[in-house]
There are 2 protein chains.
Amino acid sequence: MNSDTENHGFGAVLKELGLKETPKRRVMLEILAEEQRFLSPEELWLALKGRFKTIGLPTVYRNLEELANGGVISTVIHPNRQLYYYFCTAESGHHHHFICTSCRRVEDIPECTVAAMEGEIVTRTGGKITSHIVQFNGFCRHCLADPNERTAI
Amino acid sequence: MNSDTENHGFGAVLKELGLKETPKRRVMLEILAEEQRFLSPEELWLALKGRFKTIGLPTVYRNLEELANGGVISTVIHPNRQLYYYFCTAESGHHHHFICTSCRRVEDIPECTVAAMEGEIVTRTGGKITSHIVQFNGFCRHCLADPNERTAI
DNA sequence: CGCTAAAAAGAAATCGTTTCCCTTTGGCAC
DNA sequence: GTGCCAAAGGGAAACGATTTCTTTTTAGCG
Ligand SMILES: [Mn+2]
Ligand SMILES: [Mn+2]
Ligand SMILES: [Zn+2]
Ligand SMILES: [Zn+2]
């Protein structure tokens with residue numbers, strides 16, 4: 001249970017995805033896991049610059065995409081259509097998120113009640129649903145209480 | 001009930017939004033209303049080029065945004081994060097869409113059952129929900145029956 | 001008809017994201 | 001430990017969807 005053996009388990013996660021465990025990837029996951037708000041690739045890059053003498057923005061984009069494809073991190077659907085990522089700590093399976101458009105915090109919405117809706121849609125349209133997007137946007141309790149929580153996008 | 005008085009009602013729609021009724025805007029709405037699939041700004045631009053000697057792409061972007069802000073047309077959330085628009089013919093109020101990722105057809109999902117979910121989210125997180133995104137992606141009945149329906153994105 | 005603010009054209013800029021190409025490195029074999 | 005090689009990373013450049021800017025045209029109104 002020491003930090004050497006635990007190590008956030010990121011090594012195993014990367015191995016499962018067939019990705020080499022590099023320092024950049026490990027620290028990227030560390031930063032995302034410690035940050036409770038969604039980050040843009042450039043913001044993560046700036047954070048990484050404090051930990052590595054050289055770190056390229058393309059590396060950040062590349063790894064973020066790989067990690068998101070592997071399901072290790074989640075993407076945020078943002079009205080400005082830019083990329084944002086978040087490390088979802090929920091152990092459970094399929095679920096959705098409530099994102100604060102003010103401070104960028106992300107909270108889990110454990111149940112997905114959309115399954116029933118899907119059944120009716122299939123019946124009604126005769127189509128086949130391959131995926132769905134459900135995201136709740138708003139202001140989290142912190143931002144409701146304190147406007148200074150606000151984070152610029 | 002003749003075509004002069006009916007005129008798709010687009011003039012009134014534009015006036016309500018405080019927008020001048022220009023030929024470009026009228027034809028944009030005509031094209032979108034006749035097309036049952038979502039279009040990119042550039043695709044709409046190409047269609048408009050067949051109707052106007054001069055039509056600028058920035059004009060298309062500008063008007064699409066204005067019309068979408070006014071609620072006259074709808075935007076499609078697409079994984080490639082590009083803009084797509086669709087004229088939603090549903091008279092009813094709040095609802096969501098099933099989009100075919102193969103042929104781009106859009107179908108209405110009249111009820112929004114997410115309200116209950118929202119109530120619980122507010123209770124659970126203590127936040128305030130300002131909007132939500134619900135979209136179902138998949139293959140429509142036409143594409144399931146005939147692969148040739150497919151449209152490139 | 002004449003005015004004026006809104007709209008549109010066309011060219012150029014923007015900038016988030018991706019591609020390219022060369023160098024470095026992690027993981028494995030020996 | 002050493003060597004090998006495919007994967008990963010760096011940096012510069014390209015890309016391309018979207019936006020901005022400036023000038024010209026037009027819709028709407030008296
Ligand atoms: Mn989650
Ligand atoms: Mn609709
Ligand atoms: Zn917040
Ligand atoms: Zn289809």
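As a basis for the values below, the full set of heavy atoms in this structure was taken, side chains included, without hydrogen atoms, waters or symmetry mates.
- Two different hydrophobic clusters hold A:I77 and B:V76 under the rule that ILVMFWY side chains link at heavy-atom gaps under 4.5 Å.
- Summarising the geometry, the separation between CG on A:L14 and P on C:dG27 is reported as 9 Å, rounded to the nearest angstrom.
- A close approach under 4.0 Å does not occur between any side-chain nitrogen or oxygen of A:K24 and OP1 or OP2 of C:dT25.
- Picking from D:dA27, D:dG10, D:dT18 the nucleotide with the shortest atom distance to the side chain of B:P23 gives D:dA27.
- Whole-Å rounding puts the B:L67 CG to C:dA8 P distance at 10 Å.
- Phosphate proximity of D:dT18 to B:R62: absent, as no side-chain N or O sits under 4.0 Å from OP1 or OP2.
- The bend of the helix from C:dC1-D:dG30 to C:dC30-D:dG1, defined by the angle between the axes of its first five and last five pairs, stands at 40° to the nearest 10°.
- Per the geometry, CH2 belonging to B:W45 stands 16 Å off P belonging to D:dT19, to the nearest Å.
- The side-chain heavy atoms of A:F139 and A:T101, taken from C-beta on, include a pair separated by under 4.5 Å.
- When rounded to the nearest whole Å, the span between CD of B:E43 and P of D:dT18 equals 11 Å.
- Separation of atoms OH (A:Y84) and CG (A:L39) is listed at 10.0 Å; rounding is to 0.5 Å.
- Comparing C:dG27, C:dT19, D:dT18 against the side chain of B:L57 picks out D:dT18 as the nearest.
- Pairing each heavy atom of A:T113 with each of B:M117, the nearest pair is OG1-SD, 3.0 Å.
- Comment: A:E107 does not engage B:R124 in a salt bridge, judged by the lack of any side-chain N to carboxylate O separation of less than 4.0 angstrom.
- The hydrophobic cluster containing B:I121 also contains A:V114, counting ILVMFWY residues as joined when their side-chain heavy atoms lie under 4.5 angstrom apart, directly or transitively.
- Straight-line distance from the CG atom of B:N80 to the P atom of C:dT17: 13 Å, rounded to whole Å.
- For B:E42, whose side chain is taken as the heavy atoms from C-beta onward, the closest listed nucleotide among D:dA17, D:dG28, C:dT17 is D:dA17.
- Side chains of A:E43 and A:R104 form a contact here, defined as non-hydrogen atoms less than 4.5 Å apart.
- Place B:T22 and A:V60 on DNA chain D by their nearest nucleotides, and A:V60 ends up nearer the 5' end.
- Listed candidates were C:dT17, D:dT20, D:dG28. Nearest to the side chain of B:P58 is D:dT20.
- Atom CG in A:L19 sits roughly 14 Å away from atom C1' in D:dG9 (whole-Å rounding).
- Distance, A:N63 CG to C:dT25 C1': 14 Å, rounded to whole Å.
- At the phosphate of C:dT18, neither OP1 nor OP2 sits under 4.0 Å from any side-chain N or O atom of A:Y61.
- Here C:dG16 presents its C1' atom at 15 Å from CG of A:L44, a figure rounded to the nearest Å.
- Nearest-nucleotide mapping onto DNA chain C: of B:R81 and B:R25, the residue sitting toward the 5' end is B:R25.
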